[in-house]
Amino acid sequence: MNNEFLPFTRPSIDEETIAGVAEVLRSGWITSGPQVREFEARLSAFFGGRPVRTLSSATGGLEIGLALAGVGPGDEVITTPLSWVATANVIVRAGARPVFVDVDRQTRNIDLTLLEAAITPLTRALLPVDLAGLPVDRSQLNAIAGRHRLRVVEDAAQSMGASWQGQRIGASGDLVSISFHANKNLTTAEGGCLVLNDAQEARRCELWRLQGVERFANGELDATLPGGKHNMTDIAARIGLGQLARLEEFTARRRTLARRYFQCFDRSLGCELPVEDFTNSNWHMFQIVLPAHIERGAFIAQMHAEGIGVGVHYPAIHLLTLYRRMGFKPGDFPIAEHIGRGIATLPLFPAMRDADVDRVCEQSARTLKALTARARAAGAGVTAGAEGTASAAIGSGR
Ligand SMILES: Cc1ncc(COP(=O)(O)O)c(C=O)c1O
């Protein structure tokens with residue numbers, strides 16, 4: 001058995017890209033410049049010709065997207081409680097109120113059958129998330145937004161390379177924010193981009209991106225809005241160019257590895273597996289939800305001890321201290337809470353070998369069986385044992 005530590009993710013940066021970065025470093029121009037312009041042009045082509053502006057993060061993309069959508073104090077923005085906390089923090093930072101709608105048990109994304117009932121006269125925008133790169137149903141989502149004349153700021157942080165009904169995420173829709181953070185399917189170390197609707201909106205994005213400053217040919221400048229500092233460096237853009245050229249290959253490899261997980265993972269262990277989607281999802285992550293009697297910390301520690309990294313993406317946002325202080329409490333969004341308590345991200349990245357998937361599946365089975373036996377011995381209620389098939393009960397109090 002190969003005992004080399006297997007992290008849950010690792011970027012694939014090739015030598016050509018590393019050499020390209022060295023060239024940028026030697027060029028004398030390292031912040032936003034020709035590489036950024038080239039990367040933006042390639043991204044725009046990738047997204048069917050829509051305007052794209054690169055940024056230093058997708059958090060910045062969401063902040064700018066909300067500003068462009070006119071979201072401000074007193075407004076409500078509807079989003080999911082099952083995401084990275086940035087999704088909700090940007091709403092709070094805009095002075096607006098996050099309105100959470102529970103997620104669907106299977107897709108783990110915002111439940112579109114519940115969304116419309118959460119719309120009020122104060123709702124200004126919808127902010128959906130494609131968790132693990134599995135897209136929210138864009139046909140339904142855009143129909144709801146259209147009926148209520150709402151802007152959509154897509155948190156597509158995890159969606160690079162994903163698609164909906166044959167069209168790339170980002171190639172249609174309203175404002176789309178994508179992350180190039182180190183863990184993402186396309187990375188620039190840190191970074192992101194915002195896909196926009198037209199040249200005028202792109203120009204406003206540029207102002208929000210860099211201090212609201214306009215420069216004139218005579219060397220003078222003016223500031224017309226309180227923009228932030230969100231520009232991407234040429235170093236990052238050069239990494240992105242190397243990554244974009246290989247994105248299709250990366251996505252194909254991720255899909256192959258995900259298929260193998262479905263073939264190898266013992267379905268009798270009581271875990272909830274993700275939706276088996278090999279056309280829309282970019283397989284940013286392969287996540288299981290552990291049965292209620294398994295303590296996630298113990299599972300992670302045991303897997304780690306056996307040389308396998310396991311991540312947590314993510315606990316429910318509304319139960320984090322900041323959001324509890326706003327009045328959210330346990331029981332508000334039971335499905336997100338259930339998933340947030342038990343979700344575990346197994347290793348998945350393009351450089352993984354097929355045998356690595358087999359090793360993760362075998363070790364998961366061993367670990368889950370051992371922890372189940374331990375729970376039984378301790379007299380804990382084993383709702384879905386290593387031998388059982390029932391999935392974890394909602395609200396089991398784990
Ligand atoms: C769903 C989601 N939203 C927003 C972000 C923020 O992206 P960034 O780290 O590029 O700011 C992330 C990053 O992990 C994310 O996963």
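Order of listing sets the numbers, starting from 1, for every ligand and every atom in it.
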Side-chain contact, heavy-atom cut-off 4.5 Å: D104 with N109?
no
A58 N/O under 3.5 Å from ligand 1 N/O:
yes
Do E40 and S44 get their side chains close enough for a donor-acceptor pair, meaning under 3.5 Å?
no
Taking the non-hydrogen atoms of Y314, is any one of them nearer than 4.0 angstrom to ligand 1?
yes
Looking only at protein heavy atoms, what sits closest to atom 1 (C) of ligand 1 is S83 OG, 3.3 Å
Within a distance under 4.0 Å of any heavy atom of G191, pick out the atoms of ligand 1 and give their elements.
10 (O)
Nearest neighbour in protein (non-hydrogen) for atom 3 (N) of ligand 1:
D155 OD2, 2.7 Å
Does the side chain of N282 come under 3.5 Å of the side chain of T251 through a donor N or O and an acceptor N or O?
no
Considering only heavy atoms from C-beta outward, does the side chain of V21 approach that of I235 to under 4.5 Å?
yes
Considering only protein heavy atoms, which is closest to atom 12 (C) of ligand 1, and at what distance to one decimal place?
W84 CD1, 3.4 Å
Closest non-hydrogen protein atom to atom 15 (C) of ligand 1, residue and atom name please, with distance?
A157 CB, 3.4 Å
Taking the six-membered ring of F39, is the NZ or CZ of R238 close enough (under 6.0 Å from the centre) and on axis enough (within 45°)?
no
Looking only at protein heavy atoms, what sits closest to atom 11 (O) of ligand 1 is T59 OG1, 2.5 Å
The protein heavy atom nearest to atom 10 (O) of ligand 1 is S179 OG, 2.7 Å
F8 ring center near F286 ring center (under 6.0 Å)
no
V129: numbered ligand 1 atoms lying under 4.0 Å from its heavy atoms
1 (C)
Starting from atom 16 (O) of ligand 1, locate the nearest protein heavy atom and write down its residue, its atom name and how far away it is, to 0.1 Å.
Q158 NE2, 2.9 Å
Shortest protein heavy-atom distance from atom 13 (C) of ligand 1, along with the residue and atom involved
K184 NZ, 3.1 Å
Beyond-backbone contact of E362 with R366, side-chain heavy atoms, under 4.5 angstrom:
yes
Does R259 count as lying over the ring of F278, i.e. NZ or CZ under 6.0 Å from the six-ring centre, within 45 degrees of the axis?
yes
